[in-house]
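The structure appears below as structure tokens.
What you are looking at is a predicted structure, and each value in this text was computed from that prediction instead of being measured.
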Amino acid sequence: MAICKILFFLLALCVWCGKCEVFYKRVGDEVSMKCGVDSNSDIDWKFNGESIFSITGKSGTRRKGSSHIAFKASASGDTLKVPRLETRDSGNYFCRQSGKHYTVRVVSAFVKPGPVLLQSSNAELHCDITGDPNTEVQWLRPPNGEEYKEKKQVIQLKSVTSKEAGQWTCLVKKDLKLIVALTVVGLQTTAVNASKGDNIELPCSLPQSVSQRVVGGRWKADHLPKVSFPTLTNTAGEGLHWNGNGLSKVNFTTGQLSTNFDVTLKNVQSSDDGTFVCTVEFDGGVSLSVETTLRVMDKPSGVKGSNNRKGKPPAVMESLTKEVYGLKLWIWIAVGASSVALIVLIVVIGVVQRRNKRMKKRVRTLRSMRQPLTDKDYCQCDRAEKEVEFGEQARPLPVPRQHRNPRTRTAGPNHTN
């Protein structure tokens with residue numbers, strides 16, 4: 001107790017002296033703090049008395065300390081930056097050289113037991129300031145942002161209704177704003193009209209998954225004491241499912257359930273006309289009930305046999321709407337089919353492109369092997385050259401005139417008559 005008083009006194013003193021600043025930050029935010037000394041000076045940062053790191057001003061050498069802050073903090077000049085704040089990062093930051101103190105308060109806002117609540121259940125809205133549970137906050141309630149009467153960090157909501165649904169805002173020191181979304185849901189059903197001999201679904205469902213775990217439930221019809229209905233059971237091995245044997249009048253989904261609790265009434269008759277009650281039980285002793293009314297009429301003339309008014313078997317609908325890793329099963333099926341189609345398209349495009357490349361390569365190869373012959377080269381130029389050669393061979397040199405007639409040749413010096 002004495003140590004707490006001393007720490008509180010030192011904190012009050014540093015605030016009064018103006019050397020202590022208080023930062024209120026959300027989880028995941030970043031905070032920056034200045035030491036206030038020359039960037040070439042030695043700097044030692046500490047968190048709640050533990051060393052974060054020491055920086056030698058001249059050489060810039062850094063030595064990490066033992067605090068968990070050292071693994072994510074960084075320094076630029078005389079400024080310390082701490083990113084991705086967590087609740088455990090709340091506390092006192094101290095720069096030894098300047099004597100400056102900084103107090104960081106990490107604030108988190110959430111709902112217990114969760115953001116999706118059942119009608120008539122209880123809830124807690126938290127705006128927790130780590131290390132400072134006594135600081136008052138201002139809550140603004142939906143839908144118009146009215147100020148809530150209590151200014152505590154934790155407020156209790158009793159027997160919630162749709163009036164409490166919406167965005168709740170937590171204001172811390174009028175500087176920091178945190179928002180909590182609250183959804184309130186109840187069981188849904190509709191009145192049902194059927195003809196004699198029909199197989200009819202009695203609807204009962206939640207609009208979405210809720211924070212509270214379903215632990216049990218049942219259907220009941222006071223006007224049908226001899227008709228047995230299945231009961232909801234939640235076990236570690238099978239999860240949430242219907243449990244019932246030897247039910248001649250009622251059909252139900254045999255797989256794991258999530259938010260749909262419909263059952264099918266077979267071969268309805270006039271005696272089945274009346275009110276049916278669906279009850280679902282949750283953790284914490286909360287239970288919801290909803291009533292649906294069945295009206296049975298004579299079947300129109302000319303219509304034979306029985307049918308199911310929904311048109312689809314309940315098992316199929318339940319399977320498609322079942323949640324797998326946070327998404328409906330039909331969404332996973334659609335994503336898988338789209339992925340297969342995309343892969344097939346990519347393969348086809350690749351095969352076509354490869355075939356086109358082979359065809360182009362083959363055409364280029366054939367063109368390079370071919371000897372081009374044109375009319376000009378084959379019919380004129382080559383032919384003209386041959387004609388010139390043949391013409392030169394066919395025409396002898398002209399004979400001198402005096403040699404043409406031997407009788408008129410001039411006699412030489414040795415000629416005798």
Side-chain angles (χ1 to χ4, degrees), residues 7-8 11-12 14-15 18-36 45-50 52-53 65 67-95 100-117 123-157 160 164-184 211 326:
L7 290 175
F8 180 78
L11 179 61
C14 77
V15 172
K19 289 189 176 183
C20 183
E21 293 185 46
V22 181
F23 296 101
Y24 291 92
K25 297 289 183 179
R26 298 182 190 87
V27 172
D29 283 354
E30 180 181 274
V31 64
S32 298
M33 294 161 281
K34 282 183 170 292
C35 182
W45 282 102
K46 291 187 177 184
F47 171 69
N48 289 342
E50 289 186 85
I52 300 175
F53 45 64
S67 173
H68 72 275
I69 300 292
F71 294 97
K72 63 179 179 180
S74 62
S76 177
D78 69 332
T79 302
L80 174 70
K81 292 184 179 180
V82 183
R84 304 182 304 279
L85 287 171
E86 307 170 60
T87 54
R88 63 174 182 164
D89 300 335
S90 293
N92 183 39
Y93 293 78
F94 173 63
C95 180
K100 278 196 173 182
H101 290 261
Y102 295 91
T103 300
V104 176
R105 300 299 184 201
V106 181
V107 187
S108 56
F110 54 92
V111 185
K112 282 187 176 182
V116 182
L117 300 171
E124 287 183 353
L125 296 184
H126 286 251
C127 187
D128 292 345
I129 304 175
T130 307
D132 188 8
N134 297 321
T135 297
E136 290 187 347
V137 299
Q138 178 64 65
W139 286 97
L140 305 179
R141 61 172 301 157
N144 301 321
E146 294 180 40
E147 291 188 358
Y148 193 69
K149 55 184 178 180
E150 296 184 21
K151 298 183 181 295
K152 298 178 181 179
Q153 294 182 21
V154 180
I155 58 175
Q156 306 286 336
L157 299 180
V160 296
E164 281 78 31
Q167 286 190 347
W168 288 74
T169 303
C170 172
L171 295 178
V172 182
K173 298 294 184 182
K174 297 184 179 180
D175 295 327
L176 183 64
K177 180 188 294 185
L178 294 92
I179 294 176
V180 177
L182 188 62
T183 304
V184 179
S211 306

Taking atom [atom1] of [X] and atom [atom2] of [Y], what is their separation to the nearest 0.5 Å?
X: Glu150; Y: Glu136; atom1: CD; atom2: CD; answer: 11.0 Å
X: Ile129; Y: Cys170; atom1: CD1; atom2: SG; answer: 7.0 Å
X: Leu178; Y: Leu176; atom1: CG; atom2: CG; answer: 4.5 Å
X: Ile179; Y: Gln167; atom1: CD1; atom2: CD; answer: 4.5 Å

Pairs where residues 79-91 contributes a residue and the test salt bridge (Lys or Arg N to Asp or Glu O under 4.0 Å) is met, not counting sequence neighbours: Lys72-Glu86, Lys72-Asp89, Glu86-Arg88
Heavy-atom check, side chain of Trp168 versus side chain of Val111, under 4.5 Å: no
Does the side chain of Cys127 reach to within under 4.5 Å of the side chain of Val107, using non-hydrogen atoms? yes
Only distances under 3.5 Å count here; give the side-chain donor-acceptor pairs of residues 137-145 to other protein atoms, sequence neighbours excluded, each with its distance to 0.1 Å.
unit_1	atom_1	unit_2	atom_2	d
Gln138	OE1	Lys151	NZ	2.3
Gln138	NE2	Tyr148	O	3.4
Trp139	NE1	Lys152	O	2.9

Side-chain ([X]) to main-chain ([Y]) donor-acceptor, under 3.5 angstrom:
X: Thr87; Y: Thr130; result: no
X: Asn92; Y: Asn48; result: no
X: Ser211; Y: Leu117; result: no

Donor-acceptor list for residues 23-34 side chains, cut-off 3.5 Å, not counting sequence neighbours:
unit_1	atom_1	unit_2	atom_2	d
Arg26	NE	Lys177	O	3.2
Arg26	NH2	Lys177	O	2.7
Asp29	OD2	Arg26	N	3.1
Lys34	NZ	Thr79	OG1	3.3

Nearest heavy-atom contact between Leu182 and Gly114 is CD1-O, 4.5 Å
Pro115 and Ala181 have their tightest heavy-atom pair at CB-O, 3.6 Å
In this structure, are over 12 heavy atoms from other groups packed under 6.0 Å from Glu146 atom CD? no
For Asp128 and Val154, what are the C-alpha separation, side-chain angles and deciding distance, and is it a side-chain contact (heavy atoms from CB on, under 4.5 Å)? CA-CA 7 Å; Asp128 292 345; Val154 180; 3.8 Å; yes
Among all residues two or more places apart in sequence or in another chain, which pass the side-chain contact (heavy atoms from CB on, under 4.5 Å) test with Ala73? Ile52, Phe53, Ile69, Leu80, Val82
Applying side chain to side chain donor-acceptor pair (under 3.5 Å), can you list everything that pairs with Gln153, at least two apart in sequence or on another chain? none
Counterpart residues, side chain to side chain donor-acceptor pair (under 3.5 Å), relative to Asp132 (two or more places apart): Thr135
Quick one: ring pair (Phe, Tyr, Trp, His ring centres under 6.0 Å) partners of Tyr93, sequence neighbours excluded? Phe47
